[in-house]
Amino acid sequence: MNRFNGFHLVLLGSVILGFAMIILSFTNGAVLPKSELTQLNGQIEWLEVKGRYNDTLAFKFKGIDTYLVYSSIGGHISEVHSALTTPGATISVLYDHTSSHTPPFGSHSYFTIYELTKDGVTVRSYESIVAAYAENNGLGFWVGLAFLSIPVIFIVLIVRYSRNRRL
């Protein structure tokens with residue numbers, strides 16, 4: 001008599017995923033005010049292109065034991081890559097020293113950067129990167145709503161089908 005089947009699991013999963021995406025869109029991506037970010041200056045010791053689509057840049061300054069990352073969410077990845085690979089360039093970044101993450105099987109904690117300048121010229125500004133993160137979080141809200149609409153659509157279709165069968 002158990003009527004709970006795979007279809008019900010898909011609907012339940014859609015509801016859970018939808019709520020999770022909406023909640024994350026409101027809680028994820030809060031960036032500290034610019035005045036509270038930490039600044040690092042110097043030359044780049046190493047740079048590694050990471051990510052499934054080679055759209056994340058991990059790097060480290062010479063003589064500084066802090067690992068940084070620039071995500072494609074910030075946009076203009078090729079400009080940032082070009083700035084970081086310019087020989088002899090003085091790079092300056094702003095990052096949140098209170099928030100790091102370690103990739104699975106990683107040996108270092110990485111800090112996300114929120115501004116990058118090369119030789120005194122801004123490559124990616126704090127305002128533009130924060131705006132890109134906010135836009136990304138907004139997309140998560142709409143994707144969450146889409147996941148929540150899937151069960152509603154199926155319920156409406158099932159009710160209509162049931163009513164037509166009874167007639």
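Computed from heavy atoms alone, side chains included, the values below leave out hydrogens, waters and symmetry copies.
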Tell me if a side-chain donor or acceptor on Ser149 pairs with a main-chain N or O of Ala146 at a distance below 3.5 Å.
yes
Is there a side-chain contact between Val123 and Thr117, using heavy atoms and a 4.5 Å cut-off?
no
Just so I know, are the side chains of Leu84 and Leu116 near enough to count as touching, which here means a heavy-atom distance under 4.5 Å?
yes
Once you round to the nearest 0.5 Å, how far does CZ of Phe59 lie from CD1 of Ile44?
5.5 Å
More than 12 heavy atoms from other groups under 6.0 Å of CZ on Phe147
no
With sequence neighbours excluded, tell me which residues meet side-chain contact (heavy atoms from CB on, under 4.5 Å) with Ile155.
Val159
With rounding to the nearest 0.5 angstrom, report the OG to OH distance, Ser125 to Tyr114.
14.0 Å
Output yes when Glu115 and Lys34 qualify as a salt bridge under the 4.0 Å nitrogen-oxygen rule, no when they do not.
yes
Working to the nearest 0.5 angstrom, can you tell me the gap between Ile129 CD1 and His76 NE2?
9.5 Å
The reported gap from NE2 in His97 to CG in Leu40 (rounded to nearest 0.5 angstrom) is 11.0 Å
Would you say that Val31 contacts Asp96 through its side chain, given a criterion of any heavy-atom pair below 4.5 Å between the two side chains?
no
Find out whether Phe154 and Ser14 are in side-chain contact, i.e. whether some heavy atom of one side chain is under 4.5 Å from a heavy atom of the other.
no
Under 3.5 Å, is there a donor on one side chain and an acceptor on the other for Gln39 and Ser92?
yes
Tightest non-hydrogen contact, residues Tyr95 and Ile113, listed as CB-CA, 4.1 Å
Joint hydrophobic cluster, Ile64 plus Phe111, side-chain heavy atoms closer than 4.5 Å:
yes
Can you name the nearest heavy-atom pair linking Ala89 to Ala83, along with the distance?
CB-O, 4.4 Å
Picking from Val69, Val49, Ile77, Ile73, what satisfies side-chain contact (heavy atoms from CB on, under 4.5 Å) with Thr56?
Val69
For Tyr110 and Tyr67, take the angle between the two ring planes, folded into 0 to 90°, and tell me which bin it lands in: parallel under 30, tilted 30 to 60, perpendicular over 60.
perpendicular
Can you give me the closest heavy-atom contact between Pro33 and Tyr126, atom names plus distance?
CA-OH, 3.5 Å
From Thr90 OG1 over to Phe61 CZ, what is the distance, rounded to the nearest 0.5 angstrom?
9.5 Å
So do His81 and Leu47 actually touch side chain to side chain, heavy atoms under 4.5 Å?
yes
Is any side-chain heavy atom of Tyr70 closer than 4.5 Å to one of Thr112?
no
Could you give the distance from OG1 (Thr66) to NZ (Lys60), rounded to the nearest 0.5 Å?
8.0 Å
